A.B. asks: 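One structure, as structure tokens, below. Some questions next.
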Amino acid sequence: MSASRVSQILFSRVSHAARKPQQFVAPAIRCYSCQTSNYEFIKVETAGEKKNVGIVTLNRPKALNALCNQLMTEVNHALDHLNSDSSIAAVVITGNEKAFAAGADIKEMKDNSFASNLRQNFIAHWNGVAKSRKPLIAAVNGYALGGGNELAMMCDIIYAGENAKFGQPEIAIGTIPGAGGTQRLPRIIGKSKAMEMVLTGNMISAEEAEKSGLVSKIFPTDKVVEEAVKLGEKIASHSPLVVTIAKEAVNAAYETTLQQGLLFEKRMFHSTFSLADRKEGMAAFLEKRPPKYTNE
């Protein structure tokens with residue numbers, strides 16, 4: 001596929017891309033009840049048997065879920081609420097069958113200047129997604145290009161549908177990735193593969209993304225959200241406090257040397273022995289019964 005075609009896919013808003021997306025959702029999904037009724041570009045729901053998994057669905061189908069400023073503001077707002085809700089253990093971020101998100105909104109940024117970008121600290125707030133305290137699972141179908149791939153990488157785990165395509169095609173429109181494509185991608189898949197993707201704009205398939213370590217698992221297109229919810233429910237079966245500590249420990253591996261990381265891990269491991277949930281978990285294991293965590 002040519003670079004020009006990639007850029008068309010990345011930022012397209014043409015009407016033929018406006019096919020109504022099929023909703024792939026797990027059983028027992030309901031709308032999330034908080035101040036979300038005014039969201040224009042996302043939907044927020046809960047899923048799972050205990051309604052303990054949040055789902056944030058990007059909802060700009062005519063623009064292939066292009067990431068405009070308002071959409072990302074709404075995503076961050078929703079995550080703030082879900083992070084503060086003790087009944088929610090994990091969050092799934094998804095799009096539709098055709099696109100997870102086909103990139104940043106080129107119409108919104110085309111008239112920006114270097115000075116205006118500095119004044120506004122343009123797209124800096126996008127990284128708020130990566131600061132979520134609760135585990136984030138990206139459920140990706142279709143295109144995850146440019147900012148879409150970067151948004152997926154801000155999540156902790158990526159599940160992909162068989163039709164998923166990942167890429168950083170910014171080079172084809174005269175710019176470079178600006179939300180982690182040159183930084184998170186090499187840390188995940190290595191320098192050579194990341195450099196190839198960034199310098200050519202070429203997309204990779206779900207299979208290649210899994211092989212490279214970008215994607216955890218691949219599922220049929222109509223099952224990926226359901227499987228992501230099941231993963232969230234599995235995470236929810238553990239102590240929320242320990243899940244938070246474990247997430248911090250893994251993330252530290254990308255920010256520290258090996259020796260610093262090992263020390264941080266050891267101290268986090270030691271810290272779990274101050275928790276009632278750690279005591280309950282070990283007692284339940286020895287007594288051969290399910291643990292009853294109290295988040296203390």
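Bear in mind the structure is a predicted one, so any value in this text is a computation, not a measurement.
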A.B. asks: What do you reckon, is CD of Glu162 surrounded by more than 12 foreign heavy atoms closer than 6.0 Å?
C.D. replies: yes

A.B. asks: For residues Asn38 and Glu74, report the shortest heavy-atom separation together with the two atoms involved.
C.D. replies: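 The answer is O-OE2, 4.4 Å.
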
A.B. asks: Taking atom CG of Asn141 and atom OG1 of Thr221, what is their separation to the nearest 0.5 Å?
C.D. replies: 5.0 Å

A.B. asks: With no hydrogens and no angle check, is any side-chain donor or acceptor of Glu150 less than 3.5 Å from a backbone partner on Gly181?
C.D. replies: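 Yes, because the side chain of Glu150 sits within donor-acceptor range (under 3.5 Å) of the backbone of Gly181.
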
A.B. asks: For a quick test of reading the model, state the closest non-hydrogen atom pair linking Asn65 to Ala101 and the distance between them.
C.D. replies: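 In this case the closest contact between Asn65 and Ala101 is O-CB, 3.4 Å.
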
A.B. asks: Are the side chain of Arg278 and the backbone of Ser274 linked by a donor-acceptor contact shorter than 3.5 Å?
C.D. replies: no

A.B. asks: Using atom types as modelled and distance alone, determine if a side-chain donor or acceptor of Asp85 lies under 3.5 Å from a backbone N or O of His81.
C.D. replies: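 No.
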
A.B. asks: Side chains of Asp105 and Met109: closer than 4.5 Å at any heavy-atom pair?
C.D. replies: no

A.B. asks: Which atom names give the shortest non-hydrogen contact between Ser271 and Ile245, and what distance separates them?
C.D. replies: OG-CD1, 3.9 Å

A.B. asks: Quiz question: by atom type and distance under 3.5 Å, do the side chains of His238 and Asp277 form a donor-acceptor pair?
C.D. replies: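 On atom types as modelled, these side chains do not qualify, holding no pair under 3.5 Å.
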
A.B. asks: Decide, yes or no, whether a salt bridge links Lys211 with Glu208 under the criterion of side-chain N to carboxylate O below 4.0 Å.
C.D. replies: no

A.B. asks: Does some side-chain heavy atom of Val215 sit less than 4.5 Å from a side-chain heavy atom of Phe166?
C.D. replies: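 SC-SC contact between Phe166 and Val215 confirmed.
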
A.B. asks: If I take atom NZ from residue Lys43 and atom CG from residue Leu58, how far apart are they, to the nearest 0.5 angstrom?
C.D. replies: 11.5 Å

A.B. asks: Do Leu136 and Met154 have side-chain heavy atoms sitting under 4.5 Å apart?
C.D. replies: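 SC-SC contact between Leu136 and Met154 ruled out.
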
A.B. asks: Do you know which two heavy atoms are closest between Ala104 and Trp126, and how far apart they sit?
C.D. replies: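 That would be CB-CH2, 3.8 Å.
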
A.B. asks: With a 3.5 Å distance limit and no angle check, can you tell me whether Lys193 reaches the backbone of Ser212 through a side-chain donor-acceptor pair?
C.D. replies: no

A.B. asks: Examine distances only and state if a side-chain atom of Thr200 and a backbone atom of Glu196 form a donor-acceptor pair shorter than 3.5 Å.
C.D. replies: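 Here the side-chain-to-backbone pair exists.
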
A.B. asks: Start with the C-alpha gap between Lys247 and Ser132, add the side-chain angles, then the distance that decides, and say whether side-chain contact (heavy atoms from CB on, under 4.5 Å) holds.
C.D. replies: CA-CA 10 Å; Lys247 174 175 172 170; Ser132 170; 4.2 Å; yes

A.B. asks: Side-chain contact, heavy-atom cut-off 4.5 Å: Phe100 with Leu151?
C.D. replies: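 When only atoms from C-beta onward are counted, Leu151 and Phe100 do touch, with a gap below 4.5 Å.
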
A.B. asks: Are any non-hydrogen side-chain atoms of Asn76 and His125 less than 4.5 angstrom apart?
C.D. replies: yes

A.B. asks: Kindly compute the distance separating CD1 (Ile176) from CD1 (Ile173), expressed to the nearest 0.5 Å.
C.D. replies: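 Taking CD1 in Ile176 and CD1 in Ile173, the distance rounds to 11.5 Å.
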
A.B. asks: Please report the closest heavy-atom contact between Asn295 and Pro240, naming both atoms and the distance.
C.D. replies: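 Shortest heavy-atom contact: OD1-CB, 3.3 Å.
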
A.B. asks: Run the side-chain contact (heavy atoms from CB on, under 4.5 Å) test on Met203 and Tyr143 for me, step by step, so that the C-alpha distance in whole Å, both residues' side-chain angles and the decisive distance to 0.1 Å come before the verdict.
C.D. replies: CA-CA 9 Å; Met203 295 183 292; Tyr143 297 116; 4.0 Å; yes

A.B. asks: Less than 4.0 angstrom from a charged side-chain N to a carboxylate O is my criterion; do Arg289 and Glu280 meet it?
C.D. replies: yes

A.B. asks: Find out whether Ile157 and Pro135 are in side-chain contact, i.e. whether some heavy atom of one side chain is under 4.5 Å from a heavy atom of the other.
C.D. replies: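 Ile157 does not reach Pro135 side chain to side chain.
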
A.B. asks: Determine whether more than 12 heavy atoms belonging to other residues, nucleotides or ligands lie under 6.0 Å from atom CZ of Phe114.
C.D. replies: no

A.B. asks: Calculate, to the nearest 0.5 Å, the distance between atoms CD and OG belonging to Glu207 and Ser205 respectively.
C.D. replies: 4.5 Å

A.B. asks: To the nearest 0.5 Å, what is the distance between CG on Leu67 and CG on Leu145?
C.D. replies: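 Taking CG in Leu67 and CG in Leu145, the distance rounds to 10.5 Å.
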
A.B. asks: Applying side-chain contact (heavy atoms from CB on, under 4.5 Å), run through Ile137 and Val53 and close with a yes or a no.
C.D. replies: CA-CA 10 Å; Ile137 305 159; Val53 179; 5.9 Å; no

A.B. asks: Shortest non-hydrogen contact from Asn52 to Ala236?
C.D. replies: ND2-CB, 3.3 Å

A.B. asks: Hey, are Glu227 and Lys230 close enough for a salt bridge, meaning a charged N less than 4.0 Å from a carboxylate O?
C.D. replies: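 The answer is yes: the pair qualifies as a salt bridge.
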
A.B. asks: Roughly how far, to the nearest 0.5 Å, is CD1 of Ile88 from CG of Leu79?
C.D. replies: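 Result: 11.5 Å between the selected atoms.
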
A.B. asks: Are Cys155 and Ile93 close enough that some pair of their side-chain heavy atoms sits under 4.5 Å apart?
C.D. replies: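 Heavy-atom side-chain distance check passes, below 4.5 Å.
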
A.B. asks: Is Leu71 reachable from Tyr39 through a run of hydrophobic residues whose side-chain heavy atoms are each under 4.5 Å from the next?
C.D. replies: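 Yes, Tyr39 connects to Leu71 through the hydrophobic network.
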
A.B. asks: Using the six-membered ring wherever Trp is involved, compare the ring planes of Phe219 and Tyr159 and label them parallel, tilted or perpendicular (cut-offs 30° and 60°).
C.D. replies: tilted

A.B. asks: If two hydrophobic side chains count as joined below 4.5 Å and joins carry through other members, does Val91 share a cluster with Leu241?
C.D. replies: no

A.B. asks: Applying the 4.5 Å side-chain criterion to the ILVMFWY set and letting contacts propagate, would Tyr293 and Val242 be lumped into a single cluster?
C.D. replies: no

A.B. asks: Does the plane of the ring in Phe269 sit parallel, tilted or perpendicular to the ring in Phe273? Use 30° and 60° as the thresholds.
C.D. replies: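 Answer is perpendicular, since the angle exceeds 60°.
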
A.B. asks: Is there a side-chain contact between Asn149 and Leu185 in this structure, where contact means two heavy atoms from C-beta onward sitting under 4.5 Å apart?
C.D. replies: yes

A.B. asks: Where the side chain of Asn163 meets the backbone of Glu97, is there a donor-acceptor pair that is under 3.5 Å apart?
C.D. replies: yes

A.B. asks: Let's go through Phe264 and Met268 carefully: what are the C-alpha distance in whole Å and the side-chain angles of both, what is the deciding distance for side-chain contact (heavy atoms from CB on, under 4.5 Å) to 0.1 Å, and is it a yes or a no?
C.D. replies: CA-CA 6 Å; Phe264 181 77; Met268 291 298 96; 3.6 Å; yes

